[in-house]
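Each remark here refers to the structure printed beneath this line.
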Amino acid sequence: MKLAILSESPADEAALRVLVEYVLGAPFATVQPALRARGWPSVEQVLPAILRHLHFNTAADGLVVVVDSDDTVVHDDPHEAVGYYHPLCRICRLRAVFRRTLKNLPPAHGRSAGQQKVLRAVGLAVPAIEAWYLCGRDTAVTETAWIAGQASGRQPYSRRELKWRVYGTERPSLPFELRRAVQEVSRHQGDVRRLENDFPRGFGALAQDLRSWRSAAASPPAPAPLA
Amino acid sequence: MISAVQFRNFKALRSAAVKLGPFNLVIGPNGSGKTSLIQALLRLRSLAGLPAAHRHEEPPPNAAGPELVFHFNPPYQNLHVTLACDTNDFVCNLLVVDHPPGLDGERQWAGLRARLLTIRAFLFDHYAMALPARREDGAQLASNAGNLAAVLAARREKFPAAFALLEEEFRRLVPEFAGLDFRPTPSGQIELVARTAANGGELLAADSLSQGTLYLLAILTLAHDPEPPAIVCLEEADRGVHPRMLREVRDALYRLSYPQDCGEAARAPVQVIATTHSPYLLDLLREHPEEVVLANKQGNAASFERLSDRADLVELLCEASLGDLWYSGILGGVPGE
């Protein structure tokens, strides 16, 4: 499988590579060069162009996008209802960009009949990817704790505190950040159930999308229309 | 080290003040006082090298002339330094020190003065950096880094461990190179060369290196200085560097300001004052708005404002990146049109 990862930094990308492989259960190749966005809302703005590029110019089967929730609405079960769209939910917004963009793209040369469109995998790190890195090590860091904090107006931790807990500083160098990111996600040793349990909406949504890729890959291509 | 500066009639800074932290990224339109802030610090360094006047012996100030007042962080919080001009001049040529009375106060001033004399300001020039340099000019980096070859050669000789760390960082940032070397020129100078990682370690002279490579190397030279100055001012910190590499520029400068965060707790922090016009570099300070100083210009008068003083910043950042917010104009720090 060949896929693209849209991330904010090489450290995020390295961690996502590990997690995506855990969920897919198999190694994968990535398109080059690495795709980067400058955080929200740049991700949303650049995503249509990236999808178009991947569709026409690469053999990428799918695109993985993970954004930080920051202080915005966290994706929730009601958002999964058919036709539902929460305008303040970043997962809903990114999924909408995927839908709108892919719907209008004509078939591309070289794409197999079973893989006409770039597959979607969208995740939301609540409130930042460092929360995922702490999963299983700091039991106070969960989506439930964050959402309860949003409801009460008193967040249990800040993005800066999460950085401190992961790196021991708010200003890690890139090599150190990358090393720590990979160390922390590798603790899960291929088993992402704890991440799905503690981050069911942001990480769970990503894992669900990725697992749907396996079934898409397994299903036979649609028969060609009769002439 | 410097906690705040007050300006009066200093260039466009007619009546302005700025608080400074360990790391300061100053953004703003041309003519908004960014360079004037750095020039004020350089003036402080120049005058600190001369005998100081003390408050009780100061001549009558020229009320219409420029005046700069510097405040300091501990252990120098009880000292204040004023740069002023005498009655016949409009150039700051007088340094007045307020310090606690007695020998202890004198000692504090001596300690502060020694630190002020190390203030350095840089605006790197890749043409100058690419030139060979005289070996004896390698004591400290010139303001345009024109003696880069000599500084690095001297560092390799006197501080091999620091040089090795710098070289390792250089290899990481520019992986097409395996290392740095030096060779004499026919005119008796020393030339910087980079060894390629491929092609059998071919040597490329500095004038064959890209501009961005030279700028990154100069920033690494500052960041890995084993005897750094107390304050480093860097104009156009983003100069010549690809936007994706600006994270490395920021981290290198952070290394100076926050040595404990990179395992150098024994080294005194260096106060960094950097300027930029890059929204991409600004984006990297999203988590630390207290490190951003907005320089504003209203007519001919300029002023400073801390980004962290903006009450609605958190809400604004949910809708746009910091760089885009700045460009839009809603934060200030943009040219008048």
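Per chain, numbering begins at 1; letters A, B, ... match sequence-line order.
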Any idea which of [options] has the most non-hydrogen atom pairs under 4.5 angstrom with chain B?
{"options": "Gly168(A), Ala34(A), Pro10(A)", "answer": "Ala34(A)"}
{"options": "Leu174(A), Asp71(A), Leu88(A), Thr169(A)", "answer": "Leu174(A)"}
{"options": "Ser173(A), Ser9(A), Gly39(A)", "answer": "Ser173(A)"}

Review point. Among side-chain atoms of Arg160(A) and His288(B), is any donor-acceptor pair under 3.5 angstrom?
Key: yes
**Study point:** Best-contacting candidate, Glu287(B), Glu315(B), Glu319(B), against chain A by heavy atom pairs under 4.5 angstrom
**Key:** Glu287(B)
Check your understanding: Side chains of Leu94(A) and Leu124(A): closer than 4.5 Å at any heavy-atom pair?
Key -> no
Check your understanding: Between Leu63(A) and Val122(A), is any pair of side-chain heavy atoms under 4.5 Å apart?
Key -> no
Please classify the contact between [X] and chain B as side chain, backbone, both or neither, with a heavy-atom cut-off of under 4.5 Å.
{"X": "Ala37(A)", "answer": "neither"}
{"X": "Glu170(A)", "answer": "both"}
{"X": "Glu177(A)", "answer": "side chain"}

Check your understanding: Given a strict heavy-atom distance threshold of 4.5 Å, which part of Glu248(B) is in contact with chain A: side chain, backbone, both, or neither?
Key -> side chain
**Study point:** Side chain / backbone / both / neither for Arg255(B) at chain A, heavy atoms under 4.5 Å
**Key:** neither
Exercise for review: Nearest 0.5 Å please: distance from the SG atom of Cys233(B) over to the CD atom of Gln271(B).
Suggested key: 8.5 Å
Check your understanding: Between Arg172(B) and Glu169(B), is the closest basic N to carboxylate O distance under 4.0 Å?
Key -> yes
Review point. Does Asp138(A) use its side chain to pair, donor to acceptor, with the backbone of Ala140(A) at less than 3.5 Å?
Key: yes
**Study point:** Tyr254(B) six-ring face occupied by Arg171(A) cation (under 6.0 Å, within 45°)
**Key:** yes
